[in-house]
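Working notes for the structure below.
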Amino acid sequence: MAEIQRVGDLELDQDLAYQQREWRAQRIGWAVLGLLIVAASLGLMGPGLFNKATLQGDGVQLEIPRTQRYWAPAQVQFVLSADASAGEHVRLWLSQGFLGSVQVQQITPQPESVTATADGQTYLFRRAPEQPMTVSFDVTTQQVGLVRGEARRDDRPPLLFSQFVFP
Amino acid sequence: MDAILRAVAIYVFMLLVFRVAGRRTLGQMTSFDFVLLLIVAEATQQALLGEDFSLTNAVLVISTLIGIDIALSVLKDRSPRVDRLIDGLPLVILENGKPFEDRMRRARIDVSDILESARENQRLERLEQIKYAVLERSGNISIISKE
């Protein structure tokens with residue numbers, strides 16, 4: 001049995017040096033908690049001030065959260081630029097790398113059709129060619145870590161994007 | 001596997017966060033502390049179970065938490081260092097009626113906390129009647145009165 005210290009008439013396991021270290025560690029812990037709250041408020045760990053990223057591709061602009069949390073709802077928005085020379089339909093292709101990491105809850109507007117390809121899915125939308133069009137995907141993240149994806153409008157070059165999902 | 005990882009992660013985080021919060025957070029339950037505990041429990045439950053509300057998942061989570069608790073208690077028993085790391089050490093905060101101001105300030109205790117404990121536990125009226133006041137590992141203040 002370890003020897004019990006004596007403090008005056010008390011037999012007590014007091015260790016002031018250790019106590020000082022513990023208080024110092026506590027203060028550091030408080031600072032870490034504070035930083036965590038600030039980081040979360042700024043959108044570094046999910047929805048917050050600086051969380052949204054806007055990426056520009058060929059005929060498509062993507063607004064996506066830079067970071068997200070596991071099984072949390074999110075919205076990914078595509079703005080398809082006006083193209084008077086195009087027909088009444090526009091195709092938006094999303095890679096399996098992204099679609100496999102989320103559960104799509106809703107697409108606004110509803111696509112006319114969805115076609116599976118070898119490496120993703122193609123969504124066909126009806127649109128007015130002279131006006132830009134916004135397509136929103138309401139999703140729930142299902143994969144932790146770095147998620148990479150691609151998006152492509154019609155046959156144009158793909159837009160690469162990524163986000164980090166916290167557990 | 002997911003259930004076990006969640007349980008371990010939450011247990012370790014709760015252990016760390018309550019150690020960082022300090023002993024007085026747990027030792028003295030006011031209405032505010034009670035409400036906080038209820039909310040923390042609710043937030044923790046969601047993280048522990050995720051979307052899986054099966055009996056099996058609940059059994060796994062509970063088993064993991066109890067298992068960690070047993071493992072830690074064995075470890076604490078064998079290692080005084082681990083014991084003090086997890087539970088801390090008692091601290092004398094008053095001796096012969098004289099409070100140790102610096103220790104009390106750092107432990108976020110004031111004289112009224114000591115007097116309250118003295119009244120509740122020993123029916124004492126004044127500081128000078130107290131021989132020792134010790135901030136225990138649980139966050140409670142134990143009082144040794146003068147004869």
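Here is how names work: the chains are called A, B, and so on, in the same order as the sequence lines, proteins then strands, and each is numbered from 1. Since we're looking at a predicted model, the values are computed, not measured.
Enclosure of atom CZ in B:Arg78 is not indicated, since only 12 or fewer non-hydrogen atoms of other residues, nucleotides or ligands lie within 6.0 angstrom. Counting non-hydrogen atoms of other residues, nucleotides and ligands closer than 6.0 Å to CZ of A:Arg148 gives a total of 12 or fewer. In this structure, A:Arg156 places its CZ atom where more than 12 heavy-atom neighbours from other residues, nucleotides or ligands lie under 6.0 Å away.
For B:Leu85, the parts sitting under 4.5 Å from any heavy atom of chain A are the backbone and the side chain alike. Only the side chain of A:Leu12 comes within contact range of chain B, judged by heavy atoms closer than 4.5 Å. Neither the backbone nor the side chain of A:Ile28 comes within contact range of chain B, judged by heavy atoms closer than 4.5 Å. Using a 4.5 Å cut-off between heavy atoms, A:Trp71 touches chain B through its side chain atoms alone.
The hydrophobic clustering, which links ILVMFWY residues whose side-chain heavy atoms are closer than 4.5 Å, places B:Ile10 and A:Leu33 together. Follow the hydrophobic side-chain contacts under 4.5 Å out from B:Val82 and you reach B:Val20 in the same cluster. Cluster membership for B:Ile144 and B:Ile93, using ILVMFWY side-chain heavy atoms within less than 4.5 angstrom, is not shared. Hydrophobic clustering (ILVMFWY, side-chain heavy atoms < 4.5 Å, transitive): A:Val144 and A:Leu99 are in one cluster. There is no path of hydrophobic side-chain contacts, each under 4.5 Å, that joins A:Val135 to A:Trp93.
Distance check: A:Gln14 CD to B:Leu135 CG gives 10.0 Å after rounding to the nearest 0.5 Å. Taken to the nearest 0.5 Å, the CH2 atom of A:Trp23 stands 7.0 Å off from the CZ atom of B:Arg103. Put simply, CG on B:Asp87 and CG on A:Asp13 are 12.0 Å apart, with the number rounded to the nearest 0.5 Å.
A salt bridge does not link A:Glu22 with B:Arg84: every distance from a Lys NZ or Arg NE/NH1/NH2 to an Asp or Glu carboxylate oxygen is 4.0 Å or more.
Nearest heavy atom pair, residue B:Asp102 against residue A:Gln20, reads OD2-NE2, 4.4 Å. Contact detail for A:Leu16 and B:Leu91: the closest heavy-atom pair is CD2-CD1, 3.6 Å.
Using modelled atom types, one finds no donor on one side chain facing an acceptor on the other under 3.5 Å when comparing B:Arg19 with A:Gln26.
Among residue pairs with one or both ends in residues 107-159 of chain A, those qualifying as ring pair (Phe, Tyr, Trp, His ring centres under 6.0 Å) are A:Phe78-A:Phe137, A:Tyr123-A:Phe137; sequence neighbours excluded.
Heavy-atom neighbours of chain A within the stretch residues 124-133 of chain B, taken at a separation under 4.5 angstrom, comprise B:Lys131, B:Tyr132.
Counting heavy-atom pairs closer than 4.5 Å to chain B, the top-ranked of the candidates A:Tyr18, A:Trp30, A:Tyr70 is A:Tyr18.
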